[in-house]
Structures are given as C-alpha cells and as structure tokens.
Number of protein chains: 2
Amino acid sequence: MSDGSRLEDARLDVSRHAARLFWEKGFDATSGDDIAAAAGLSTRTVWRYFRSKEACVEPVLKVSELRFAALLGRWPKTDSIDEFLARSMTAFALDDAFIRDGIAAVRILAVLDREPALRSAWLMACHAAEMELRGVVADRAARSAEDLEVKLCAAAITAAMRLVDEEISAAVINDGVKVSSEEATARIVAAIRTAATLPICDAVA
Amino acid sequence: MSDGSRLEDARLDVSRHAARLFWEKGFDATSGDDIAAAAGLSTRTVWRYFRSKEACVEPVLKVSELRFAALLGRWPKTDSIDEFLARSMTAFALDDAFIRDGIAAVRILAVLDREPALRSAWLMACHAAEMELRGVVADRAARSAEDLEVKLCAAAITAAMRLVDEEISAAVINDGVKVSSEEATARIVAAIRTAATLPICDAVA
DNA sequence: GCATCGTCTGTCACTAAGTGACATCTAACA
DNA sequence: TGTTAGATGTCACTTAGTGACAGACGATGC
C-alpha cells in the first residue's frame, strides 16, 4: 500500500471519530481538540488532514459513496443494473467496513436539517462521488468523461442517489422505520433508472 | 418590506463584497475583517449574518438561482419551457441586479477547482434552489412537493443546471469564450429537458 | 409627543479554529 | 550505515467566530 493510501486510511480513521462525535455531541459542541483526542493524534495533525472542522466528516461520508461507485465500475456491460446489483449488493452490503461507515453516514444524514455544516460536507462528498461516476457512465456509454451528456447523466444519477440515501436515513434514524437491504437496493436501482439520461441501465454489449 | 427582508438585503450586500474579495484576493487571503470593512459594518455583525467565512458567499450565489427558480414559478402551464424562456429570459437577463450578481457568481464558479470552500458554498446555494424548484415541479406535475418523484425531478434538474452554469462560467472566465444570452438559455433549456424525470417541460394544461 | 419595547449593531474580551516554523522520528533507499 | 523525504508533535501565533453588554432606532401604545 502506497504512502498516499496510508494517509488516506489515517484520514478516514479520524473522520470516523469526528462523525461519531458530531452525532453524539453535535457539530458545534465538538472541538478540534476533541476529535484529535478521540483519534489519538495532535490537534495540529487534524488540521493538516482537514481544511476545516466540517471537512472532518467528508471522508467517512465519501467512502461509502466511492465504494458504491467502485462497485458500479465492476458492472459488466452484459448486465442490467437490476441483474448486477441483485447479484452483488448483498455481498457488498455485508462488508464489515461498509456497514460500520454506512451506519455513521446514515446517522449524519439524519441530522442534516439542523446541521448546515454537515449538509455542506455531505454535498461535497456527493460531488466527489459524481466525479467517479462520470467514469462509469463514460465507460458504459462508450463516450468521453468530458462529454457534457456524460457529466449530466452522472450528476443526475448522483442527485437521485443522494435523495434516496437522505430519505432512507431520515426514515431509519428519525422515524424508526426498518428498511431491508433488498428494499434499499430496489430504491437505489429505481432512482438510478429514473435519473439516468443516457441508456446505460440495461445491457450495453 | 418586512424586517426579515431588509436583513436579507443586508446579508446579500455583504455577500456581494465577500464575493468580490474572494475573487480578487482568493478565499484564504480574505479575512472576516476585510469583508466587514468592505461592507461598512463590524466584524461581529458579519459573524451574526453568516455561520462561517465560506457561507459569506452563499447569498450572492443563491440569489441568481432563486431568481431563476422564481421565474420558473411564473411559467404558464400552457407553455413549453422553450416558449416561456424564449419570451421571458431576455427581460430577465437584462435586469441590472441579475447581471451584477450573475457576474459575481460566474467569477466564483470559474475558480471552484482550486477553492473547495467556494465549491462548498456553491453546492449549498444549489441545494437551496433545489428546494424552491420542488414547488415548481410539484405545481406543474399536479403532485405534492413531498412526493419522491417530484423531489427526484427537482434534484436532477438542479444538478443539470449546476453543470451548465459551471461549464459556461469556466468557458467565459477561464477560456475567454463569448456566450450569448440566447445560447446560454438554449443550453439551460436543453439541460432541463434532458434531466427532467417528470413530463413538465411541455404544456401541462 | 412621550414612554416603552424589541431588534439590530458595535464594542470588548474571549474561545476555538486553524497556521507557520522548527525539531524529531521513522521508513525507504543507496 | 548514512542519507533523505515525509509525517508528526510542540509551540507560539493568527484568524475565525462567540457571548455579554450597552446604545441606537424604529414601531407601538397611550
């Protein structure tokens, strides 16, 4: 593993602590010193890792989105989105890290209405995922990632997935609703299908 | 004009100064004191108006988007998006405040790649516009604004418009390309048409 | 017309977010 | 084994942002 990746792992670890503290104490009541102490490193290093306190939560929000984008990057051209996710989402969603980071993310998403700083971080995480999704769309559509239609398709899909994530998180955490993995997957698939502006959801080869 | 509106006007005025300073000096090199001095009020008041330095630029980014959303709110159900904007976009785009704030926004959008704090503010502004657009979509689709399909449609349209705004801004400021009002409108219309997931772009009554 | 009230603002002192400089440590490399 | 590059902690600092208080001003009621 390269040094860059090791640093990314370190940032993700700190981000997990930040997310837990933001969830337990609230954003304003959590200090940079709190985050540093929880993560076991100096406050200076926290500010080396993150450009702002709200940015501390971005990596853990981003990692779930990027893992999902990477999963979509392994989507065979011969499969529809339904076929592919029906087959792979269960194994993907059972992954330990995914569950742990997913819970952290779901908790953060549940409080966006009253924490603009966390919404800001979430929108930045979604934007990063959108950038990754451009590659997936470009590949399936056999077009350049710089193509405006590819960018638009990726942006629309990302927006749709963000909505579903927020809805499911609010339902689960705030309203106590139980949502099965299959149901969540079905809603994600439906959202991707509805939002996709290029014909990439069915087999393309 | 109510007090609330007067305060909003004050915040917008400060935001215009902030945007100009962020553009001229860069985000990091601009202090809260700088913004306060330029706006002619105390630093304390700047922090009463905004929750963070990056949030200072949100109002001026938001106002263009919200004005456009308000314009779409006046879109007759008997018109297509093309008909309506062909008729109303010129007068709308000639509005003095729109031009001034539009230029400020375009300049900010041109530097998003190297100013994550400004991108963060821009994404928050787009999110606010998305909330307004839900009403427009709900009205045209004769559905509730709480309907997930309405939310999804508004999110996809907002994402598409954001991309076009960013592309045009980067082209105009960074690449020196000239984009006419008619051309910008045509691109916005095309983006809205492509992204809309509900049948609202043509006459609905 | 004057008193009262609510809200906004500036001042002041302060906390917390975030930074620059320097020294130390450690892993990688020759 | 020595060198180098990069990460980290410490320290002192700047800047972002806050709480408390007093004054100003417009709205309201009598």
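Keep in mind the model is a prediction, meaning the values are calculated, not measured. Throughout, protein chains are lettered first and strands after them, A, B, ... in sequence-line order, and every chain is numbered starting at 1.
- Note on Thr43(B): nothing from the nucleic acid sits closer than 4.0 angstrom, heavy atoms only.
- Rounded to an integer number of Å, the gap from Asp13(A) CG to dT8(D) P is 12 Å.
- The phosphate of dT8(D) (OP1 or OP2) has no side-chain N or O of Ser42(A) nearer than 4.0 angstrom.
- Each of Asp28(A) and Gly40(A) was assigned the nucleotide of DNA chain D with the nearest heavy atom; the assignment lying further toward the 5' end belongs to Gly40(A).
- Nearest approach of Lys178(A) to Glu183(A), heavy atoms of both residues: O-OE1, 4.4 Å.
- Straight-line distance from the CZ atom of Arg51(A) to the C1' atom of dT19(C): 16 Å, rounded to whole Å.
- For Asp101(A) and Ser64(A), the side-chain atoms include no donor-acceptor pair closer than 3.5 Å.
- Straight-line distance from the CH2 atom of Trp47(A) to the P atom of dT15(D): 17 Å, rounded to whole Å.
- Between Trp75(B) and Phe84(B), the two ring planes are parallel [angle under 30°; tilted spans 30° to 60°].
- Distance, Leu21(B) CG to dT15(D) P: 15 Å, rounded to whole Å.
- Atom-to-atom, CZ of Arg44(A) to P of dC25(C) comes out at 20 Å; the value is rounded to the nearest Å.
- In this structure, Phe27(A) places its CZ atom 14 Å from P of dA16(C), rounding to the nearest Å.
- No hydrogens or angles were tested; on distance alone, nothing pairs the side chain of Arg48(A) with the base of dG18(C) as donor and acceptor under 3.5 Å.
- In the set dT11(C), dT9(C), dA17(C), the nucleotide with an atom closest to the side chain of Thr45(B) is dT9(C).
- Following rounding to the nearest Å, Lys53(B) (NZ) and dT19(C) (C1') show an atom-to-atom distance of 12 Å.
- One can place CG of Asp33(B) at 7 Å from P of dA16(D), the figure rounded to the nearest angstrom.
- Between Tyr49(A) and the phosphate of dA7(D), there is no side-chain N or O to OP1/OP2 separation shorter than 4.0 Å.
- Between Arg20(A) and Glu24(A) a salt bridge is recorded (basic side-chain N to carboxylate O distance below 4.0 Å).
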